[in-house]
**Student:** 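Let me begin by handing over the structure; questions about it come next.
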Amino acid sequence: MKPRHFISLLDLTGDELRQLINRAITLKRVRDHEYQPLKGQVLGMIFEKSSTRTRVSFETGMAHFGGHALFLSPRDTQLGRGEPISDSAKVISRMVDCVMLRTHEHETVTKFAANSRVPVINGLTDKEHPCQLLADMQTYFEHRGDIAGRTVAWIGDGNNMCHSYIHAALVLGFTLHIAAPAGYLPDPDIVALAPSHVRFFDNSISAAKDADLIATDVWASMGQEAEQKLREVAFKEYQVNAQVMAAAKPDALFMHCLPAHRGEEVSADVIDGAQSVVFDEAENRLHAQKALLELLLCGDAKISLLND
Ligand code: CP
Ligand code: NVA
């Protein structure tokens, strides 16, 4: 039987994503150390790029569930010496029970998955960051309830996070306002998937107007460090600051996947202010990914152990 992968948020239906979010909320509340549904199982984690949250949350989640996580980097494995990704996938997936990859090219993850015997999870590519959206959506549901029908404003780069927000708008049924400078808009093929859920604005204040949630991300993502100065100029009108938050609804939340650059994409008073839920988002990486691991690796019988 073909394994079930999580490469994109579009791999989940709206019902599945809502169930996963509810499950993550339960797992967060009920910290039962006796519950070890992944006892003896191993998650291989391949990181071509740096990570704090993704690595710590997956490794901790596997430990909570009685399993083990294996950190693999191209620098120390044959992946970095040119062994074909298809061969690597065939070998690694004969030994471990699940694989998480953080890579540059999205095709590395899809190629790995096509050659894997076990579920593959996208831990960030240049194109998408679906695990972060599990946590962001859990955070919104916890603070404000279901996000269907709400308005989210994405201010800044049309990057991997923006793409996954477009997917979330489609799967969960909210409207996404996007304000991004010319030349940094999201991939039109991704926008074309959700035409009735996405609206573009030429400035941050208009995009933020009456929004329930404001989200942003760094101006230069991993791999774009050489463009930092150029991007600082292109994005200078796209900072989320008090004026932008004031255009949103009074109870609007602020989210950022982190790491953040205070004074660039977000002002310190916003990210450290009362409307910011960035550290809930970061914590929820753990709970949401535990729910994801259950979905991909456990049968219903094991999952029911903890249900209320
Ligand atoms: N948000 C996020 O993915 O963080 P890391 O790069 O630290 O994993
Ligand atoms: N867009 C950022 C997200 C980091 C979690 C990057 O790709 O570097």
Side-chain angles (χ1 to χ4, degrees), residues 6-7 9 20-21 23-33 35-77 79 92 96-104 109 112 118-126 128-140 142 159-161 164 215 217-218 221-223 255-262 266 271-272 276-298 306:
F6 182 65
I7 309 291
L9 207 66
L20 187 151
I21 290 168
R23 180 62 178 166
I25 292 169
T26 301
L27 289 167
K28 183 176 184 174
R29 183 168 43 78
V30 186
R31 302 235 180 169
D32 181 354
H33 297 295
Y35 177 60
Q36 300 203 324
L38 298 185
K39 201 170 168 58
Q41 298 209 39
V42 176
L43 172 72
M45 304 187 301
I46 299 170
F47 282 97
E48 282 182 4
K49 295 176 173 176
S50 305
S51 169
T52 298
R53 281 144 287 268
T54 305
R55 179 174 177 183
V56 174
S57 54
F58 271 112
E59 202 161 328
T60 302
M62 285 303 290
H64 284 179
F65 276 173
H68 180 74
L70 202 57
F71 175 78
L72 302 163
S73 87
R75 208 182 54 185
D76 321 299
T77 61
L79 282 163
I92 294 169
V96 305
D97 301 281
C98 187
V99 177
M100 189 240 61
L101 283 101
R102 169 168 284 199
T103 71
H104 296 272
V109 175
F112 196 104
V118 299
V120 170
I121 297 170
N122 176 1
L124 181 146
T125 64
D126 289 345
E128 296 178 41
H129 194 5
C131 288
Q132 184 67 49
L133 263 291
L134 301 181
D136 286 19
M137 293 301 103
Q138 179 188 341
T139 306
Y140 191 88
E142 283 177 338
N159 63 9
N160 45 9
M161 277 296 301
S164 289
D217 188 12
V218 289
S221 286
M222 289 182 278
M255 292 196 192
H256 189 310
C257 62
L258 305 178
H261 293 174
R262 287 168 176 75
V266 60
I271 194 168
D272 299 319
S276 172
V277 288
V278 297
F279 298 111
D280 290 342
E281 273 180 273
E283 178 188 337
N284 285 340
R285 295 292 303 277
L286 170 65
H287 310 298
Q289 287 160 199
K290 284 171 73 176
L292 176 68
L293 289 166
E294 277 188 336
L295 176 74
L296 300 180
L297 296 175
C298 299
L306 251 187

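Reckoned from all heavy atoms, side chains included, excluding hydrogens, waters and symmetry mates.
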**Student:** Cys131 vs Thr54, test: side-chain contact (heavy atoms from CB on, under 4.5 Å). Steps then yes/no.
**Tutor:** CA-CA 8 Å; Cys131 288; Thr54 305; 6.0 Å; no

**Student:** With rounding to the nearest 0.5 Å, note down the distance linking SG in Cys98 to CE in Met62.
**Tutor:** 7.5 Å

**Student:** Drop me the distance from Thr103's OG1 to Phe112's CZ, to the nearest 0.5 angstrom.
**Tutor:** 10.5 Å

**Student:** Which heavy atom of Leu292 sits nearest to which heavy atom of Leu20, and what is that distance?
**Tutor:** CA-CD1, 3.9 Å

**Student:** On a heavy-atom basis, which atom in Ala291 and which in Arg23 lie closest, and how many Å separate them?
**Tutor:** CB-CG, 4.0 Å

**Student:** Can you name the nearest heavy-atom pair linking Ala24 to Gln138, along with the distance?
**Tutor:** CB-OE1, 3.3 Å

**Student:** Under a 4.5 Å cut-off applied to non-hydrogen side-chain atoms, are Arg55 and Ser50 in contact?
**Tutor:** no

**Student:** How many angstroms lie between OG1 in Thr26 and CG in Asp32, if you round to the nearest 0.5 Å?
**Tutor:** 12.5 Å

**Student:** As an exercise, state the distance from CD of Glu281 to CG of Leu134, rounded to the nearest 0.5 Å.
**Tutor:** 12.0 Å

**Student:** For Phe65 and Gln41, run side-chain contact (heavy atoms from CB on, under 4.5 Å): C-alpha distance rounded to whole Å, both residues' side-chain angles, the deciding distance at 0.1 Å, then the answer.
**Tutor:** CA-CA 9 Å; Phe65 276 173; Gln41 298 209 39; over 6 Å; no

**Student:** Could you go through the side-chain contact (heavy atoms from CB on, under 4.5 Å) check for His129 and Asp217 one step at a time?
**Tutor:** CA-CA 12 Å; His129 194 5; Asp217 188 12; over 6 Å; no

**Student:** Quick check: closest heavy atoms across Val99 and Ile46, and the distance to 0.1 Å?
**Tutor:** CG1-CD1, 4.1 Å

**Student:** Would you mind reporting whether Leu295 and Phe6 have side-chain heavy atoms less than 4.5 Å apart?
**Tutor:** no

**Student:** Spell out, as yes or no, whether a donor-acceptor pair under 3.5 Å connects the side chain of Arg102 to the backbone of Leu124.
**Tutor:** no

**Student:** How far apart are the C-alpha atoms of Glu128 and Leu9, what are their side-chain angles, what is the distance that settles it, and do they pass the side-chain contact (heavy atoms from CB on, under 4.5 Å) test?
**Tutor:** CA-CA 9 Å; Glu128 296 178 41; Leu9 207 66; 5.8 Å; no

**Student:** Using distance alone, with no hydrogens and no angle criterion, decide if Gln132 and Asn160 have a side-chain donor and acceptor under 3.5 Å apart.
**Tutor:** no

**Student:** Would a 4.5 Å heavy-atom cut-off, applied to side chains only, mark Met100 and Gln289 as touching?
**Tutor:** no

**Student:** What are the two closest heavy atoms between Ile7 and Pro130, and how far apart are they?
**Tutor:** O-CG, 3.6 Å

**Student:** What's the shortest heavy-atom distance between Thr139 and Val277, and which atoms?
**Tutor:** CG2-CG2, 3.8 Å

**Student:** Indicate yes or no: at least one non-hydrogen side-chain atom of Glu59 is less than 4.5 angstrom from one of Leu43.
**Tutor:** no

**Student:** Do any N or O atoms from the side chain of Ser276 and from the backbone of Asp272 form a donor-acceptor pair under 3.5 angstrom?
**Tutor:** no

**Student:** Do the side chains of Tyr140 and Ile21 get nearer than 4.5 Å, heavy atoms only?
**Tutor:** no

**Student:** Once salt bridge (charged side-chain N to carboxylate O under 4.0 Å, His left out) is applied, do any residues pair with Arg31, and if so which ones, sequence neighbours excluded?
**Tutor:** Glu283

**Student:** Rounded to the nearest 0.5 Å, what's the gap from CZ on Phe71 to OG1 on Thr77? Could you check?
**Tutor:** 9.5 Å

**Student:** Is any side-chain heavy atom of Thr52 closer than 4.5 Å to a side-chain heavy atom of Pro259?
**Tutor:** no

**Student:** As an exercise, state the distance from CG of Leu38 to CD of Glu294, rounded to the nearest 0.5 Å.
**Tutor:** 7.5 Å

**Student:** Check whether Glu48 reaches the backbone of Pro74 with its side chain - one donor and one acceptor, N or O, closer than 3.5 Å.
**Tutor:** no

**Student:** So that I can tick it off, tell me whether Lys49 and Asp126 are bridged by a salt bridge, with the cut-off set at under 4.0 angstrom between side-chain N and carboxylate O.
**Tutor:** yes

